[in-house]
Amino acid sequence: MAAVENRAPEAESPEKQQQQRTPKEVFEPPPLLRAVMTYISYIVLYAVSLVGDTLRKLGLKTSGHVEVTKKEDWFKMNRGFETFFARNMYRRVRDCWNRPIASTPGAYTELVDRVSDDYNWTFRHTGGSTNCLNLGSYNYLGFAENTGPCADAAHQSTLDYGAGTCSPARELGTLDVHKKLEALVARFVGKPAALVFGMGFATNSMNIPALMGKGDLLISDQLNHASLVTGAKLSGATVRVFKHNNMKSLENVLRRAVTEGQPRRLRAWRKILIVVEGVYSMEGSVCKLAEIVRLKKKYKAYVYLDEAHSIGAMGPTGRGVSEYWGVDPADIDIMMGTFTKSFGAAGGYIAANQDVINYLRGASHSTTYAASVPAPVAQQIITSMTIIMGDDGTKEGEKRVAQLLDNSRYFRQRLTEMNFIVYGNEDSPVVPILLYEPGKVTSFSRELLKKKIAVVVVGFPATSIVEARARICLSASHTRDMLDYALKEINEVGDLLLLKK
Amino acid sequence: MESGPVDLGGFYGTVDIHLELEERLAKFTGREEAIIYSYGFATISSAIPAYSKRRDIIFCDEGVCFAVQKGLAASRSKIKYFRHNDMDHLEQLLEEQLKLDKKNPAKEKVTRKFIVAEALYMNHGDLCPLPKLVEFRNRYRTPIFLEESLSFGVLGEHGRGATEHWGLKPGDVDLICASLETAMGSTGGFCAGKSYVVDHQRLSGIGYCFSASMPPMLAAASIKGLDIMEGSPQIFSQLRDKAVAMRRLLRGTPGLRVCGESVNPVIHLQLACPSSSRDTDDELLERVARECIDSGVAVVVAKYLKEELKLPPASLRVTVCVELSEDELEKAAKVIKTAAAKHIL
């Protein structure tokens, strides 16, 4: 199997391993012709949209949310590019997003059949559903199941504790299940203590402000997730950005911060925090963790690692990018992650030293004001984490982690052989296929849906204007046959839409 | 149904049960459309910045809860606070803004204005005078965002919230946001209003776009909750009667003062003579709370962070549940009074 051949020997240092692995990450720049065609597409689209909006204002066109273009709109939604974009450009193609499902998002999922009689302004459910191969859900380890030990345990937990906790953690909202979960998470990740929260997004947006404030410096990767950006903005700290995964850029920012200190105040920064993600979900890239730890030690900064997509999905036993690179978890000051992806649950965690966790317990916005993790969700996490760790006495966890890695490598390799432009690290379970033109983005999604394959496509403004893509998420529940079927269909659609190099 | 969502709402994370819950909530509150969030706190704190941006103006009550404060901070708008429930002060601020608008009509055309208030204030326990706010809304053409986490399932003949309680039309309040983690006993929150307003949040509400959707199981729990609310409308008046009864029983607690609106089941017992040190007050109330818990009655000291805009006074919080009998309420009140007498005086 390819998975065994490429593994580096364990005796080598983390940095040497990283150097050996780095060349496997690929980010080809867009071909010139494709970039030009993309710009032309958007210009034409913009022009047509302007015409449409003008007709609506003059009352010659009456479809859609006409209230927005009327004078009585006190929300003044007409102002700004955002609503213009949503009304004219996004609306034309919005059948590719928000597709409702009628089952668990496993390897196959039931997509609700819907049609639009008025050019995507409204949708009508026809009453049926289609069974599709699911390449869009972050079901990395296949725990999105409604049967099996996880579902049974969650069911029992609902009978014991009810649905919600109705309280923040500090005010009668902490259950014994939470204590058990926090101890398990700390053990899983390899840190002394952990704290869990009800929402993954909120874990970042409500705890970074508790950790950072005025006089602190936050150095953030260019492509960090919206939750990290929100947390950074709300904290009041100064934010500086370094080029995506570019260690030279990071070193320059650090060097400048340490030598210059705070602007105008001529004092050193109170603390410097480097915020990175384990796996970047839009790029499929993996952060260069060993190098980051080396830099943080050199410049005496702290590291905050967001493992939303990498916990459970990377590393030989699913412990995340620290295991993948062989970095000691003690070197990473704050490890954060979410339970949404690999554990089939909801919520997030922060793992760090005992004193940081003790501080956060009292200072976090979430523990004081927001409801704690519901008991059945906490139980789902406990059961799935126990399986992944192998503590349930089976090899199921090991099998799933190995299957995911095998699927990721196989899929990416075959797509590259077919001459598609694919980004990201060879071992990452996120596979972005570059599509560029907005027309191709929507056709890709629609054509594959006809073939009963559900994919996720992303365009402007979530990505840059030229780099629209299809983002495939592999899962441990995908078999080789399923992947081969998907590859065959993607190959055909690729030829049809001229997506290949 | 498994208990995890496994995806963003826009990418196969919307399950048909979410759509059903949205329809049911819209119908229950009498509005065109509803949108569901997976976290109660994220609901109002994502809704406000979705509509109000950097150059816009928000008139907000000083006594709003932390989630609203975070929403205001994230919007980067100009916030004009009016004194808690002081309608004259709000009118004064609105008049001032009107004068500025008349001087500069071009700027007025592109500046959005909003009024933000809570139906039942979480930190103070009192009602906001909604009919007056609606009058200002119509006079000054300023939409209202109403936080209804504590009034949804509590106020109104059928539990539909503040609009029903005051006898107003659903269209009078432009957007309501409520948490499903309180009266509904589930997870998450929702916003409801006109279709074109609520739909905007599907692309602009960061807590919706960049976050996984609600676990389907908990959406099912909320739907069942709605079934119960619609099937047993008498529970709302029962709850309010019990809240009134409990307040009467707690009157005369040594050292503590009963605060808030009489029908509010969330009862704040503030210290009658607070000391100059907030820490001392909190510790004293903690001792009272612990004494109550040891005697079989679970109450909490209301927790706040120092980042609050205006730190509410230290208080013990007693919440009434409709399932408690009159006997149980009497016994609980006795325990609280004994504990207070022991530690405070």
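Numbers restart at 1 for each chain; the letters A, B, ... are given by sequence-line order, proteins then strands.
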K.L.:
Side-chain contact, heavy-atom cut-off 4.5 Å: B:T182 with A:C166?
P.N.:
no

K.L.:
Do A:M206 and B:Y39 come close enough that some side-chain heavy atom pair is under 4.5 Å?
P.N.:
yes

K.L.:
Do the non-hydrogen side-chain atoms of A:M199 and B:S211 ever get within less than 4.5 Å of each other?
P.N.:
yes

K.L.:
To the nearest 0.5 Å, what is the distance between CG (B:D199) and CZ (A:R91)?
P.N.:
12.5 Å

K.L.:
Quick one: what part of B:T142 sits under 4.5 Å from any heavy atom of chain A, side chain, backbone, both or neither?
P.N.:
backbone

K.L.:
Around atom NZ of B:K303, are there more than 12 heavy atoms of other residues, nucleotides or ligands at under 6.0 Å?
P.N.:
yes

K.L.:
Measure distances from B:V197 to the heavy atoms of chain A and classify the residue's part below 4.5 Å as side chain, backbone, both or neither.
P.N.:
both

K.L.:
Quick one: sort the B:Y304 and A:Y369 rings into parallel, tilted or perpendicular, breaks at 30° and 60°.
P.N.:
tilted

K.L.:
I need the B:I206 CD1 to A:T230 OG1 distance, nearest 0.5 Å.
P.N.:
4.0 Å

K.L.:
Take atom CD in B:E23; do more than 12 heavy atoms of anything else shown fall under 6.0 Å from it?
P.N.:
no

K.L.:
Examine whether an atom of B:A42 lies under 4.5 Å from a heavy atom of chain A, and if so say whether it belongs to the side chain, the backbone or both; otherwise answer neither.
P.N.:
side chain

K.L.:
Identify which part of B:A73 has an atom lying under 4.5 Å from any heavy atom of chain A, answering side chain, backbone, both or neither.
P.N.:
both

K.L.:
Check whether A:F339 gets within reach of chain B through its side chain, its backbone, both or neither, counting any heavy atom under 4.5 Å.
P.N.:
neither

K.L.:
Which value, rounded to the nearest 0.5 Å, describes the distance between A:W97 atom CH2 and B:L203 atom CG?
P.N.:
9.5 Å

K.L.:
Under a 4.5 Å cutoff for heavy-atom pairs, which residue among A:P209, A:A363, A:G362, A:C473 has the most contacts with chain B?
P.N.:
A:A363

K.L.:
Applying side chain to side chain contact (heavy atoms under 4.5 Å, CB included) to B:S38 and A:F201, what does each step give before you reach the verdict?
P.N.:
CA-CA 10 Å; B:S38 57; A:F201 184 102; over 6 Å; no

K.L.:
Chain A heavy atoms under 4.5 Å from B:K306: which part of the residue, side chain, backbone, both or neither?
P.N.:
neither

K.L.:
Identify which of B:F210, B:F66, B:Y51 forms the greatest number of heavy-atom pairs closer than 4.5 Å to chain A.
P.N.:
B:F66

K.L.:
So which part of A:S342 gets closer than 4.5 Å to some heavy atom of chain B, the side chain, the backbone, both or neither?
P.N.:
neither

K.L.:
Hey, which of A:C150, A:S227, A:G164 has the most heavy atom pairs under 4.5 Å with chain B?
P.N.:
A:G164

K.L.:
Looking only at heavy atoms, which two atoms of A:H125 and B:L19 are closest? And how far apart?
P.N.:
CE1-CD1, 3.5 Å

K.L.:
Taking the side chain as everything from C-beta on, heavy atoms only, tell me whether A:W74 gets closer than 4.5 Å to B:R137.
P.N.:
yes

K.L.:
Which bit of B:E20 comes within less than 4.5 Å of chain A, counting heavy atoms only: side chain, backbone, both or neither?
P.N.:
neither

K.L.:
On a heavy-atom basis, which atom in B:F11 and which in A:V456 lie closest, and how many Å separate them?
P.N.:
CB-CG2, 3.5 Å

K.L.:
Does any heavy atom of chain B fall under 4.5 Å from the side chain of A:H155, the backbone, both, or neither of them?
P.N.:
neither

K.L.:
For A:F75 together with B:F114, are the ring centres under 6.0 Å from each other?
P.N.:
yes

K.L.:
Look at A:A454, A:A202, A:G200 and state which one has the largest set of heavy-atom pairs under 4.5 Å with chain B.
P.N.:
A:A454

K.L.:
Show the nearest heavy-atom pair for residues A:S364 and B:L305, with the distance to one decimal.
P.N.:
O-CD1, 4.0 Å

K.L.:
Only pairs of heavy atoms separated by less than 4.5 Å count here; which of A:N134, A:T367, A:V455, A:T165 has the most with chain B?
P.N.:
A:V455

K.L.:
Below 4.5 Å from any heavy atom of chain B, which atoms of A:T147 appear? Answer side chain, backbone, both or neither.
P.N.:
neither

K.L.:
Which one of B:M122, B:R317, B:M184, B:E307 has the most heavy-atom pairs closer than 4.5 Å to chain A?
P.N.:
B:R317

K.L.:
Which region of A:L111, side chain (C-beta onward) or backbone (N, CA, C, O), has a non-hydrogen atom less than 4.5 Å from a non-hydrogen atom of chain B, or is it both or neither?
P.N.:
side chain

K.L.:
Less than 4.5 Å apart, side chain to side chain, heavy atoms only: is that true for B:Y12 and A:T109?
P.N.:
no

K.L.:
Measure distances from B:Y37 to the heavy atoms of chain A and classify the residue's part below 4.5 Å as side chain, backbone, both or neither.
P.N.:
neither

K.L.:
Do A:V377 and B:L218 touch side chain to side chain, with heavy atoms closer than 4.5 Å?
P.N.:
yes

K.L.:
Hey, are the side chains of B:M217 and A:T158 touching, using non-hydrogen atoms and a 4.5 Å cut-off?
P.N.:
yes

